[in-house]
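The next block holds one structure in the form of structure tokens; read it before the comments.
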Protein chains: 2
Amino acid sequence: MSNVFKALADPTRRKVLELLRQGPKTAGELAAEFAVSKPTMSAHFAVLREANLVDATRDGKAIIYRIKLSVLEDALLGFAEVFGMKMEGAPVEHPDEED
Amino acid sequence: MSNVFKALADPTRRKVLELLRQGPKTAGELAAEFAVSKPTMSAHFAVLREANLVDATRDGKAIIYRIKLSVLEDALLGFAEVFGMKMEGAPVEHPDEED
DNA sequence: TAGATATTTAGCTAATTATCTAAATGATTG
DNA sequence: CAATCATTTAGATAATTAGCTAAATATCTA
């Protein structure tokens with residue numbers, strides 16, 4: 001759980017998650033959106049993977065990243081609960097997500 | 001906003017916020033709950049202050065910390081919204097909070 | 001199988017962070 | 001007003017992090 005917050009602490013990684021919210025994207029497609037090198041982006045992806053916030057699958061040459069919305073939701077929800085906040089999951093369109 | 005997530009990235013600071021959820025506490029009372037030195041705790045408090053997540057007021061010798069629940073809520077809510085999550089504030093018992 | 005393409009790993013550096021002890025500041029009290 | 005109490009600031013160190021370039025790995029294609 002601490003890993004999730006660590007992952008969210010960096011603006012680049014939050015932006016990656018936002019982009020993935022629109023649908024799965026390859027490492028290259030994601031990297032193209034940022035002004036840092038691909039190895040740097042790869043390291044960010046690794047942090048997101050370790051936090052279990054994204055899922056990576058190879059498709060030919062490319063590696064496709066998908067957000068694991070439910071993990072993000074559970075973390076936020078669990079945290080919010082401690083503070084008496086109520087939270088509901090996205091009502092629709094979870095990009096198909098399985099683990 | 002990034003400051004809020006940075007502040008939440010550390011488990012000690014999240015625990016401090018949880019303790020403050022129960023009501024205002026002095027720096028010393030908070031520090032007593034952790035196994036690190038007071039200067040270390042003081043640095044954690046500074047991070048929380050910079051993130052605007054807590055409010056500090058002096059009362060005699062002691063400094064009293066209060067959580068600013070609305071700031072935490074707004075940050076979580078704003079972030080959750082991007083991901084299509086719906087979130088409501090705590091229905092009751094915000095510890096009296098003014099800025 | 002020899003490129004070409006996509007991504008990650010290795011190895012490095014600079015900046016940031018969490019931690020400590022010792023010293024300084026602010027406020028109360030004898 | 002000197003001692004004491006509560007907290008922060010200063011100054012140091014070790015660990016972590018974000019960034020880079022160069023090299024390695026994995027896959028496809030000509």
Side-chain angles (χ1 to χ4, degrees), chain A residues 1-20 22-68 72 75 79, chain B residues 1-20 22-68 72 75 79:
Chain A
M1 215 272 273
S2 206
N3 278 348
V4 170
F5 281 102
K6 283 278 212 71
L8 296 180
D10 186 277
T12 296
R13 290 192 291 263
R14 287 200 302 276
K15 185 84 182 297
V16 167
L17 291 177
E18 277 187 46
L19 290 169
L20 289 178
Q22 302 162 13
K25 300 210 178 339
T26 68
E29 285 168 344
L30 290 169
E33 302 283 334
F34 298 86
V36 301
S37 72
K38 285 174 184 187
T40 295
M41 289 306 296
S42 189
H44 283 305
F45 300 151
V47 172
L48 290 169
R49 284 196 308 266
E50 273 147 41
N52 201 32
L53 285 169
V54 301
D55 183 62
T57 57
R58 183 174 277 275
D59 176 31
K61 287 182 263 193
I63 293 187
I64 300 178
Y65 281 99
R66 286 179 181 77
I67 191 172
K68 293 171 83 169
L72 180 60
F79 181 72
Chain B
M1 213 273 272
S2 205
N3 278 348
V4 171
F5 281 102
K6 284 280 211 71
L8 297 180
D10 185 276
T12 296
R13 289 191 291 263
R14 288 200 302 277
K15 185 82 182 299
V16 167
L17 291 177
E18 277 187 45
L19 290 170
L20 288 178
Q22 302 163 11
K25 298 212 182 335
T26 68
E29 284 168 346
L30 290 168
E33 302 284 334
F34 299 86
V36 301
S37 73
K38 285 173 183 188
T40 294
M41 289 307 295
S42 189
H44 283 305
F45 299 151
V47 172
L48 290 170
R49 284 196 308 266
E50 273 147 42
N52 201 30
L53 284 169
V54 300
D55 182 63
T57 56
R58 184 175 275 276
D59 176 31
K61 285 182 266 193
I63 292 187
I64 300 178
Y65 282 99
R66 286 179 181 75
I67 190 171
K68 292 170 84 169
L72 181 59
F79 180 72

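Letters go in sequence order (proteins before strands), and every chain restarts at 1.
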Kindly say if Arg49(B) contacts the phosphate of dT8(D), meaning a side-chain N or O under 4.0 Å from OP1 or OP2.
yes
Would you say Arg58(B) reaches dC5(D)'s phosphate, i.e. side-chain N/O to OP1/OP2 under 4.0 Å?
no
Within the structure, does a side-chain N or O atom of Ser37(B) lie under 4.0 Å from either OP1 or OP2 of dC20(C)?
yes
Within this structure, what is the NZ-to-C1' distance between Lys38(A) and dT9(C), rounded to whole angstrom?
16 Å
Identify whether any heavy atom of Phe34(A) sits under 4.0 Å from a base atom; if not, whether one sits that close to sugar-phosphate; answer base, sugar-phosphate or nothing.
nothing
Are OP1 or OP2 of dA6(D) and a side-chain N or O of Tyr65(B) less than 4.0 angstrom apart?
no
Integer-rounded Å distance: dA18(C) P and Phe45(B) CZ:
14 Å
I want to check one thing: is the phosphate of dT17(C), taken as OP1 and OP2, less than 4.0 Å away from some side-chain N or O of Lys6(B)?
yes
Could you tell me how far apart Lys25(A) (NZ) and dA6(C) (P) are, to the nearest whole angstrom?
17 Å
In this structure, how many angstroms lie between the P atom of dA18(D) and the CG atom of Asp10(A), rounded?
5 Å
Which part of the nucleic acid does Thr26(A) contact within heavy-atom distance under 4.0 Å: base, sugar-phosphate only, or nothing?
sugar-phosphate
For Thr40(B) and dA18(C), is the shortest distance between a side-chain N/O and OP1 or OP2 below 4.0 Å?
no
Looking at His44(A), does any N or O in its side chain come under 4.0 Å of the phosphate oxygens OP1/OP2 on dT17(D)?
no
When you measure from the side chain of Arg49(A) to the backbone N and O of Asn52(A), does any donor-acceptor pair fall under 3.5 Å?
no
